Number of protein chains: 2
Amino acid sequence: MTIRVLIVDDQAMVRAGFAALLAAQSDIDVVGQAEDGRQGVELGRSTHPDVVLMDVRMPEMDGLEAARQLLDPPPGVTHRPKVLMLTTFDVDDYVYEALRAGASGFLLKDAPPADLIAAVRIVAAGEALLAPSVTRRLIADFAKQRPAQRRDPALKLNGLTPREAEVLELIARGLSNQEIAAHLVLAEQTVKTHIGRVLSKLDLRDRAQLVIFAYEAGVVVPGDQ
Amino acid sequence: MTIRVLIVDDQAMVRAGFAALLAAQSDIDVVGQAEDGRQGVELGRSTHPDVVLMDVRMPEMDGLEAARQLLDPPPGVTHRPKVLMLTTFDVDDYVYEALRAGASGFLLKDAPPADLIAAVRIVAAGEALLAPSVTRRLIADFAKQRPAQRRDPALKLNGLTPREAEVLELIARGLSNQEIAAHLVLAEQTVKTHIGRVLSKLDLRDRAQLVIFAYEAGVVVPGDQ
DNA sequence: CCCGGGCTCATACCCCGGTATGAGTCACCC
DNA sequence: GGGTGACTCATACCGGGGTATGAGCCCGGG
């Protein structure tokens with residue numbers, strides 16, 4: 001079972017180098033080469049590679065956009081290759097863009113050839129791999145935006161009772177007082193009472209500020225419903 | 001300049017294996033071995049290693065807690081080693097805990113010896129490195145919680161006008177209509193008009209849901225004020 | 001030139017949300 | 001047994017928020 005690889009890079013010499021390197025592996029087939037993003041997307045659709053080596057900076061359509069199109073195909077297109085991004089420069093925002101788009105890896109072109117080959121195999125296997133400097137950034141970012149967020153029952157809900165915390169979460173989900181009452185099988189007034197206490201305990205004004213607090217305190221987290 | 005390494009693992013054979021492997025490298029010194037977390041923290045403080053190889057599961061004090069203590073030292077202790085977590089099992093929540101605590105890497109013990117050696121060097125150099133399966137999880141998580149968030153001027157604010165977007169952000173900061181009016185030098189009614197249009201465009205009900213939308217869409221981000 | 005969209009504002013209405021006050025039940029603890 | 005705190009609910013008030021309607025201003029584009 002050979003790994004089908006598509007190489008997308010605007011520099012002919014780079015393409016040739018990678019192609020030669022990879023084609024020399026018995027388990028890897030280079031099924032195509034493209035010199036810009038647009039062509040890369042086309043070839044990606046027609047040659048259905050397992051792995052696309054994608055340069056970041058390219059004329060016509062950059063690697064990020066091309067990766068997005070390959071990874072989020074229009075209805076009808078079923079094939080989704082793995083994308084391994086490559087860059088000459090020591091990264092920056094590109095990385096995050098690429099990862100958000102669903103890329104499986106991010107390597108610097110100055111990596112040892114053996115690393116590149118290993119990377120292709122890893123990515124083809126459904127795993128992922130990043131250049132060490134990229135990994136460091138990602139971890140730092142990850143740690144920063146969720147600083148040692150202990151998941152204990154009691155967050156830092158300044159002395160909220162369980163019931164109050166429950167109400168707070170429902171508010172942060174966008175429910176009205178009536179809906180909360182229905183949800184918890186309570187009278188609407190009871191809900192109001194709880195909310196009143198929460199507001200005073202947290203020193204806030206209205207439910208909009210409660211929602212803000214919930215997000216900032218990690219009671220709810222963007223993207224989990 | 002040799003790399004000073006401390007090995008923390010409850011299995012004597014594992015310690016011996018790693019020690020032999022690493023000590024054979026000319027640029028690596030094994031400066032100590034510990035068989036549980038508590039001892040690991042002690043030795044970490046006294047032998048000031050550059051890199052700590054830390055097993056996750058251990059009696060007495062697990063690797064996570066030990067890593068936390070080494071990476072977030074009490075006042076007075078200035079030394080902060082890099083921590084490279086090791087595990088036998090294919091990971092889970094441990095990973096996230098470890099990364100939040102500031103670990104520089106996470107490897108599976110079944111990785112090739114050459115990988116372990118390379119990892120020590122990478123981590124010592126201030127970079128980071130993860131096992132491919134871990135990398136995949138981290139990326140997936142990263143991509144999920146910030147889904148393809150285009151950073152262009154226009155987010156995905158379903159056709160909001162600039163003014164409307166501005167109002168939305170102020171709502172997401174917790175301001176009342178009056179305060180928004182004052183802030184933008186407008187009549188309160190004008191603010192209401194804008195909000196009304198935003199609500200209908202986004203198909204939402206009230207300002208609380210607007211706040212939720214703002215966080216989910218990345219108009220505002222937890223922890224940036 | 002006129003048309004449309006973005007922005008502004010007024011008047012008027014209604015209801016949800018938040019406040020105030022008081023009170024009843026239950027569980028737990030000294 | 002009395003006290004405390006969590007939870008429940010009622011009645012009553014009112015002000016902010018959201019809706020509806022209509023209108024004027026300015027700008028850029030057909």
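Just so it is clear, the structure is predicted and the values come from calculations on it, not from any experiment.
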Partner residues of Arg136(B) under the side-chain hydrogen bond (donor to acceptor under 3.5 Å, both in side chains) criterion, sequence neighbours left out
Glu127(A)
With a strict under 4.0 Å distance from non-hydrogen atoms of chain A, what nucleotide opens and what nucleotide closes the contacted stretch of DNA chain D, reading 5' to 3'?
dA6(D) to dA12(D)
Residues at least two apart in sequence or cross-chain that pass salt bridge (Lys or Arg N to Asp or Glu O under 4.0 Å) with Glu164(B), listed by chain then number, are Arg197(B), Lys201(B)
Using a strict cut-off of less than 4.0 Å between a Lys/Arg side-chain nitrogen and an Asp/Glu carboxylate oxygen, indicate whether Arg38(B) and Glu42(B) qualify as a salt bridge.
no
Contacts under 3.5 Å, N or O only, protein and nucleotides 26-30 of chain C:
none

Once side chain to side chain contact (heavy atoms under 4.5 Å, CB included) is applied, do any residues pair with Arg163(B), and if so which ones, sequence neighbours excluded?
Thr161(B), Glu166(B), Leu184(B), Leu186(B), His194(B)
Figure out the CD/P separation between Glu166(B) and dG6(C), and round it to whole Å.
15 Å
Just jot down the side-chain hydrogen bond (donor to acceptor under 3.5 Å, both in side chains) partners of Arg45(B), sequence neighbours excluded, or say none.
none
Starting from the 5' end of DNA chain C, give me the residue, Asp206(A) or His194(B), whose nearest nucleotide shows up first.
His194(B)
Pick base, sugar-phosphate or nothing for Ser176(B), based on heavy-atom distances below 4.0 Å to the nucleic acid.
sugar-phosphate
Can you name the side chain to side chain contact (heavy atoms under 4.5 Å, CB included) partners of Ile171(A), sequence neighbours left out?
Val167(A), Ile180(A), Ile195(A), Arg207(A), Leu210(A), Val211(A)
I'd like a table of donor-acceptor pairs (distance under 3.5 Å, sequence neighbours excluded) in which one partner is a side-chain atom from residues 8-18 of chain A, with atom names and distances.
| from | atom 1 | to | atom 2 | distance (Å) |
| --- | --- | --- | --- | --- |
| Asp9(A) | OD1 | Gln11(A) | N | 2.8 |
| Asp9(A) | OD2 | Lys109(A) | NZ | 2.9 |
| Arg15(A) | NH1 | Asp9(A) | O | 2.7 |

Would you call Arg205(B) and Glu179(A) a salt bridge, using N to O less than 4.0 angstrom?
yes
Within residues 182-192 of chain B, the residues having a heavy atom closer than 4.0 Å to DNA chain C are Leu186(B), Ala187(B), Gln189(B), Thr190(B)
Hey, what's the ring geometry for His48(A) with His79(A), parallel, tilted or perpendicular (30° and 60° as the breaks)?
perpendicular
Residues at least two apart in sequence or cross-chain that pass side-chain hydrogen bond (donor to acceptor under 3.5 Å, both in side chains) with Gln39(B), listed by chain then number, are none
Is it true that a side-chain atom of Arg4(A) and a backbone atom of Asp50(A) form a donor plus acceptor pair closer than 3.5 Å?
no
Between dG17(C) (P) and Ile171(A) (CD1): distance, integer Å:
9 Å
Of all pairs that satisfy salt bridge (charged side-chain N to carboxylate O under 4.0 Å, His left out), the ones with a partner from residues 186-195 of chain B, not counting sequence neighbours:
none
Quick check on the helix from dC1(C)-dG30(D) to dC30(C)-dG1(D): what's the angle between its two end axes, five base pairs per end, to the nearest 10°?
30°
